[in-house]
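One structure is given here, and the rest of the page talks about it.
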Number of protein chains: 2
Amino acid sequence: MPRPSDPLARTKLLAAAEAEFVEHGLDGSKVEQIAKRAGMSKGAFYLHFAGKAQLFRELVEGFVARLAALTDASLHRYEAHDACSAEELIDRWVSEDVAVFEFIWQNRGLIRRLLEGGSGARFRYLVDEFLERFSSKSRHVLQQGVLRGIFREDLDFDLAASFIAGAYDRLARDIVRQSTRPDLRPLLEDVQRLVLFGLASAQLRESASPRPSGAEPAPPSGVRAPRPLPDDPVSVLASQLRSPLQGRSRGLR
Amino acid sequence: MPRPSDPLARTKLLAAAEAEFVEHGLDGSKVEQIAKRAGMSKGAFYLHFAGKAQLFRELVEGFVARLAALTDASLHRYEAHDACSAEELIDRWVSEDVAVFEFIWQNRGLIRRLLEGGSGARFRYLVDEFLERFSSKSRHVLQQGVLRGIFREDLDFDLAASFIAGAYDRLARDIVRQSTRPDLRPLLEDVQRLVLFGLASAQLRESASPRPSGAEPAPPSGVRAPRPLPDDPVSVLASQLRSPLQGRSRGLR
DNA sequence: GGGGTTGGTGACCCGCGGGTCACTTATCCG
DNA sequence: CGGATAAGTGACCCGCGGGTCACCAACCCC
């Protein structure tokens, strides 16, 4: 085997691709530019990857796998924290969140591009898979939390899990676009408290009926929402991932 | 002026462009295909628009303006509902939300593409401008609500406004991807209650310290939210849109 | 109807960028 | 050292799609 190939070539290309992807997005990244950035020629690129598509698939799959491992472990620990005061519990949860968002901040460039899903959203399925996994884990945390008296009993688990995933999603989308590093801990603590305790004043909470999220046996009489659109046009690309909005566990009031 | 031009040409092209955009995204939409769909030739396209970019700018700007008008009016009415029971208030708010999300559902294809921001996010600035406006309006609603005792007094307005905008954003992102029409009213009511009252059980809420969101009851001296919005400037091109994560009104933790 | 004017057509131009390949270069082996 | 072999190079190929323009068609006016 004369002329051994550069053993770092693949790695260098992946790193260069990540940088280009962050700067220019998927369609904006040119094979020639990636190769140049990695210190080699376009021709060499094709010695290490079958094409642009394969390179990016590898890049994104690897990253999402790392992120999934991190959040899986974190949510697992979320459940493990127990037998302590409310304040202590919140503090530990916030610590978990800080670790996750630290990672997000470190990789904000890539994550921003992935969340955009730009250029035909070719990696949407990976992001969706991840979110679905996260949502499912969250649902489990919620169920455990209800058993332990942490969360209210009348939660619609699907909706609440989506609500949580949504809060993370939103936070990630914001953080990822910051230009200077936000102070994560106080931010995450505030969000944690907003999610747990809501916006309402005690007064409003007490004067509202005791049906905070979901059911109530369904009013016998009137039909609300009189089927305003029997069914809708279009609805082309399906992507029918199990969303909390479909098949909600509670009926339609 | 012999041979008068088709007076509907521009409209037909815009409609065709919207359809193509929804199906294929920005880069995926071809001028030739748009023209064909509008029932004319590529050449005719260039008689009505200076180019692809102008067409899409017009399309998106028009749509965002319509959406902004709708949400502006809705948030305005949000504030106007007063002097009624908590249940009634929530019911009215939900009705407002239903109207907005009805519109979102009707235009889900376009909105999905806009939220993706795909293809270099060329319209990001418009979406950002809209969100900034929305967030700012929400902040106002929150401030009014606190004065009226609806929301807790210790809210960090910037964070809470972002929290609200985030909840809508998340919901929109979900709804826009549904394949069948979700039953909006019960869904939005549940979300409303989640946002207002949070996830926590009464037990957890009571055992937690009385600092739910942000800081202590505000030292009497301090100015809260240093000029949250006496009146907000136009905030033209949104690059540096005022994010709740930067310059938070309360200090750290 | 015929000439003048403007709307409309589609073959063509051309830059861009993914992918190829004949050729060059580095390295190993004898 | 020299030949064999595989890594690496970059000029080139080619399809794609935005944009153009010589030409044709519809319409108004006289």
Side-chain angles (χ1 to χ4, degrees), chain A residues 1-61 113 116-123, chain B residues 1-61 113 116-123:
Chain A
M1 198 239 285
R3 183 104 193 239
S5 72
D6 180 355
L8 297 177
R10 278 182 68 91
T11 308
K12 284 194 282 190
L13 282 169
L14 281 167
E18 179 174 333
E20 289 291 318
F21 180 58
V22 167
E23 285 175 27
H24 309 294
L26 187 52
D27 286 346
S29 298
K30 317 301 175 192
V31 171
E32 181 126 37
Q33 185 56 30
I34 292 170
K36 191 175 170 186
R37 189 167 198 147
M40 67 190 76
S41 71
K42 194 166 154 181
F45 173 94
Y46 285 95
L47 292 174
H48 298 285
F49 292 95
K52 191 179 168 179
Q54 192 215 322
L55 170 78
F56 280 109
R57 189 161 5 94
E58 211 159 297
L59 177 68
V60 175
E61 277 175 359
R113 290 292 179 184
E116 275 182 5
S119 310
R122 247 157 298 181
F123 300 123
Chain B
M1 197 236 287
R3 180 106 191 236
S5 70
D6 181 355
L8 296 178
R10 278 183 68 91
T11 307
K12 283 194 283 190
L13 281 169
L14 281 166
E18 177 174 337
E20 289 290 319
F21 180 58
V22 167
E23 286 175 26
H24 309 296
L26 187 52
D27 287 347
S29 296
K30 316 303 175 191
V31 171
E32 181 126 37
Q33 184 55 30
I34 291 170
K36 190 174 170 188
R37 190 167 196 145
M40 67 191 76
S41 71
K42 193 166 156 181
F45 172 93
Y46 286 94
L47 292 175
H48 299 283
F49 292 93
K52 190 179 168 180
Q54 191 215 324
L55 170 78
F56 280 108
R57 189 160 6 89
E58 210 158 298
L59 178 67
V60 174
E61 276 174 359
R113 290 292 179 185
E116 275 182 5
S119 312
R122 247 157 298 181
F123 299 123

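Order of the sequence lines fixes the chain letters, A, B, ..., with proteins taken first and strands second; residue numbering starts at 1 for each chain.
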(message) Do K12(A) and D6(A) make a side-chain contact, defined as non-hydrogen atoms from C-beta onward lying under 4.5 Å apart?
(response) yes
(message) Using whole Å, what does the distance between atom P of nucleotide dT20(C) and atom CZ of F49(A) come to?
(response) 16 Å
(request) Would you mind reading off the distance between D27(B) atom CG and dC16(C) atom P, rounded to a whole angstrom? (result) 16 Å
(request) Would you mind reporting whether F49(A) and R10(A) have side-chain heavy atoms less than 4.5 Å apart? (result) yes
(request) From the options dG17(D), dT9(C), dA7(D), select the nucleotide whose nearest atom is closest to the side chain of K30(B). (result) dG17(D)
(message) In whole Å, I'd like the distance from the CG atom of L26(A) to the C1' atom of dG18(C).
(response) 13 Å
(request) Report the distance from atom CZ of R122(A) to atom C1' of dG18(C), rounded to the nearest whole Å. (result) 12 Å
(request) Whole angstrom is fine here: how far is it from CD in E32(B) over to C1' in dT20(D)? (result) 13 Å
(request) Indicate the ring-plane relationship of F123(A) and F21(A), choosing parallel, tilted or perpendicular according to the 30° and 60° boundaries. (result) perpendicular
(message) Side chain of H48(A) only, heavy atoms from C-beta on: which candidate in dT20(D), dG8(C), dG8(D) is closest?
(response) dG8(D)
(message) Could you tell me how far apart L47(A) (CG) and dG19(C) (C1') are, to the nearest whole angstrom?
(response) 13 Å
(message) Tell me the interatomic distance from F56(A), atom CZ, to dG18(C), atom C1', rounded to whole angstroms.
(response) 12 Å
(request) For the side chain of P4(A), starting at C-beta, report the closest nucleotide among dT27(C), dG18(D), dT20(C). (result) dT27(C)
(message) Just the rounded figure in Å: distance from P of dC21(D) to CZ of F45(B).
(response) 17 Å
(request) Counting heavy atoms from C-beta on, name the nucleotide in dG8(D), dT9(C), dG18(D) closest to the side chain of V31(B). (result) dG18(D)
(request) Determine whether R113(B) and V60(B) make a side-chain contact, defined as any pair of heavy atoms from C-beta on separated by less than 4.5 Å. (result) no
(message) Tell me whether the side-chain N or O atoms of K52(B) pair up with the base of dG19(D) as donor and acceptor below 3.5 Å, since no angle test is needed here.
(response) no
(message) Looking at K42(A) and dG18(C), is any side-chain donor or acceptor paired with a base atom of the opposite kind under 3.5 Å?
(response) yes
(request) Run through R37(A), K30(A), K36(A) and flag the one making a salt bridge (charged side-chain N to carboxylate O under 4.0 Å, His left out) with E20(A). (result) R37(A)
(request) Would you mind telling me which of dG7(C), dT9(D), dG19(C) lies closest to the side-chain atoms of Y46(A)? (result) dG19(C)
